[in-house]
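Please read all numbers here as calculations on a predicted model, not as lab measurements. Residue numbers begin at 1 in each chain, while the letters A, B, ... track the order of the sequences.
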There are 2 protein chains.
Amino acid sequence: MADGGEPGTLRPGGRTARVREAVLRAAEDALTEEGFTGLDLADIARRAGVGKTTVYRRWGTVTGLVADLLADMAEQSSPRTETGSLLGDLTANARLVHRTLTDPRQGALFKALIAAATGDARTAAALHRFYDIRVREWAPCVRQAVERGEAPEGTDAQEVIRAVSAPLYYHLLISGGRLDEAVADRAAQAAAIAARSGVYVRQPAGG
Amino acid sequence: MADGGEPGTLRPGGRTARVREAVLRAAEDALTEEGFTGLDLADIARRAGVGKTTVYRRWGTVTGLVADLLADMAEQSSPRTETGSLLGDLTANARLVHRTLTDPRQGALFKALIAAATGDARTAAALHRFYDIRVREWAPCVRQAVERGEAPEGTDAQEVIRAVSAPLYYHLLISGGRLDEAVADRAAQAAAIAARSGVYVRQPAGG
DNA sequence: GCTCTAACGGGTCTGTGGTTCCGTTAGGGG
DNA sequence: CCCCTAACGGAACCACAGACCCGTTAGAGC
């Protein structure tokens, strides 16, 4: 009678964890191959080798499952490289994002995740959290540049990192142009120059 | 027996045109209010005051209808302003995009359109065409800046315009951060400085 | 290793988005 | 102004995603 809450919270070990893992991987595959529109929880259950009832009970809706997938993806982090210069670090970041988005599977997955987030507040929150974590991981390279004197005091490190990614996502989702490495390098250069010039200094002192 | 092609092509005037107009406006409203996910052709037909059979026959699928809506939107163009300086023109552009994306209805509509494009090639092509037209409309202000000597010869005007929009769309779709006017102004400043520095010169001559 | 019950899963039912059928309305050429 | 037929529209039909029921499996505490 007195249930503790959502299914999977009282006995999260063993089988439950295996099922979650299998379903999230299946969801990732399905999103990648079918896109967000062509998604079907029964198909995901089949891919994962679990009963579809389980998927409906644990996650309820497609967007709920995508939100959980994003939370899971947010856990895993890939460490960043350090080159010693702002432009070098931003270029490394831009090329990492570029590689991810141009990879056929990963690119399709991210497109689907972003599409899912446009239609559901919880999924959107999960997506924002995922990118917030990724941006925070790279922000230190901007702060180091400030310490080296490459960028002015008060520079918004996270905004600089976002500025590097933005043109790549714009090409992927909106303009549809060729997403070659030159686009990534230009994005890094533009962000580096703008950061050096103080464009990303918080609360500009009237100018 | 020998049909000429798609419905609506042989007798495109009068009633057919009125129906198309009503359905596209209804689709716009539905996309804005329900988002791409919660879209239903029967609901659109109801809103438009036409039979749902008509909508299915003329457009077939939701994505087909969205693609047609984008083609229709691409027709209407809003003229740009000219301020006399690159930064001024880019700021005007950034604020225009900012106003569009922060308007509750327009912002929701564009989110839905972009989401629709991620899942269907025809819709994606229509979206790319729409933005290509808008970008081309603003490109002249960059070319004028080149003539004035504000930016180096060979600057890719369209890429500069895209660089202005990119951070705004990144915030709207991905980071979820506050989309205030400062973001727009920073985007314009960053693009202007990068353009001046030659970041957007085509085929950089090694350097 | 026994028990209790959280969590899984096959099978069935149902609401609704999408299709088809066929009669009705109204462009547009003669 | 009349006719022909392109295009519209109501209604019945169908398939399938998602909800529900109830028996089965396997964590976790003693």
Side-chain angles (χ1 to χ4, degrees), chain A residues 1-27 30-31 33-68 112 116 119-120 123, chain B residues 1-27 30-31 33-68 112 116 119-120 123:
Chain A
M1 290 258 185
D3 61 291
E6 293 292 294
T9 54
L10 268 69
R11 282 185 187 173
R15 179 171 59 165
T16 299
R18 281 198 305 278
V19 165
R20 184 176 118 104
E21 190 58 26
V23 170
L24 291 185
R25 290 294 77 76
L31 265 181
E33 289 162 28
E34 316 288 343
F36 174 63
T37 312
L39 219 53
D40 165 20
L41 291 194
D43 176 53
I44 291 173
R46 217 175 303 122
R47 287 167 181 261
V50 306
K52 72 171 177 170
T53 312
T54 300
V55 179
Y56 280 109
R57 184 170 33 227
R58 290 267 307 263
W59 291 279
T61 65
V62 172
T63 52
L65 177 54
V66 174
D68 196 25
D120 179 72
T123 310
Chain B
M1 292 258 185
D3 63 289
E6 294 293 293
T9 53
L10 267 69
R11 282 185 188 174
R15 179 171 61 166
T16 299
R18 280 198 305 277
V19 165
R20 184 176 120 104
E21 191 57 26
V23 170
L24 291 185
R25 290 293 76 77
L31 264 180
E33 289 162 28
E34 316 288 343
F36 173 64
T37 312
L39 218 54
D40 167 19
L41 291 195
D43 175 53
I44 291 173
R46 218 173 304 123
R47 287 167 181 262
V50 306
K52 72 170 180 170
T53 312
T54 301
V55 179
Y56 281 109
R57 184 172 32 230
R58 290 265 311 262
W59 291 279
T61 66
V62 173
T63 51
L65 177 53
V66 174
D68 196 23
D120 179 71
T123 310

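- For B/R58, whose side chain is taken as the heavy atoms from C-beta onward, the closest listed nucleotide among C/dA6, D/dC8, D/dG18 is D/dC8.
- The side chain to side chain contact (heavy atoms under 4.5 Å, CB included) check on B/A27 picks up B/I44, B/L65, with sequence neighbours excluded.
- Below the 3.5 angstrom threshold, one finds a donor paired with an acceptor across the side chain of A/R57 and the base of C/dG9.
- Checked against side chain to side chain contact (heavy atoms under 4.5 Å, CB included), A/E21 has the following partners two or more places apart in sequence or in another chain: A/R25.
- Distances from the side chain of B/R18 to the nucleotides C/dT19, D/dA17, C/dG27 place C/dG27 closest.
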With a cut-off of 3.5 Å and sequence neighbours excluded, list every side-chain donor-acceptor pair involving residues 49-59 of chain A.
from: A/W59; atom 1: NE1; to: A/D68; atom 2: OD2; distance (Å): 2.8

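- Residue A/I44 contributes atom CD1, which lies 16 Å from atom C1' of D/dC16 at whole-angstrom precision.
- Contact annotation: A/T16 does not reach the phosphate of C/dA7 (side-chain N/O to OP1 or OP2, under 4.0 Å).
- Shown here are the side chain to side chain contact (heavy atoms under 4.5 Å, CB included) partners of A/E34, two or more places apart in sequence or in another chain: A/R47.
- The shortest non-hydrogen separation linking A/L31 to A/A112 is CD2-CB, 3.5 Å.
- Residue A/G119 comes nearest to B/T37 through the heavy atom pair CA-OG1, 4.3 Å, listed as atom of the first residue, atom of the second, then distance.
- One interatomic measurement links the two molecules: CZ of B/R15 to P of C/dT25, which rounds to 10 Å at whole-angstrom precision.
- Rounded to a whole Å, the CZ atom of A/R46 is 12 Å from the P atom of D/dG18.
- Without hydrogens or angle criteria, B/T123 side chain to B/T63 main chain gives a donor-acceptor distance under 3.5 Å.
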Using a 4.0 Å heavy-atom cut-off, write out nucleotides 11-16 of chain C from 5' to 3' as B (base contacted by protein), S (sugar-phosphate only) or - (no contact).
-> BB----
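- Considering only the side chain of A/Y56, D/dA17 comes nearest among C/dA6, D/dA7, D/dA17.
- In the helix from C/dG1-D/dC30 to C/dG30-D/dC1, the rotation axis of the first five pairs and that of the last five pairs differ in direction by 50°, rounded to 10 degrees.
- If you measure from atom CG of B/L39 to atom C1' of C/dG18, you get 14 Å, rounded to the nearest angstrom.
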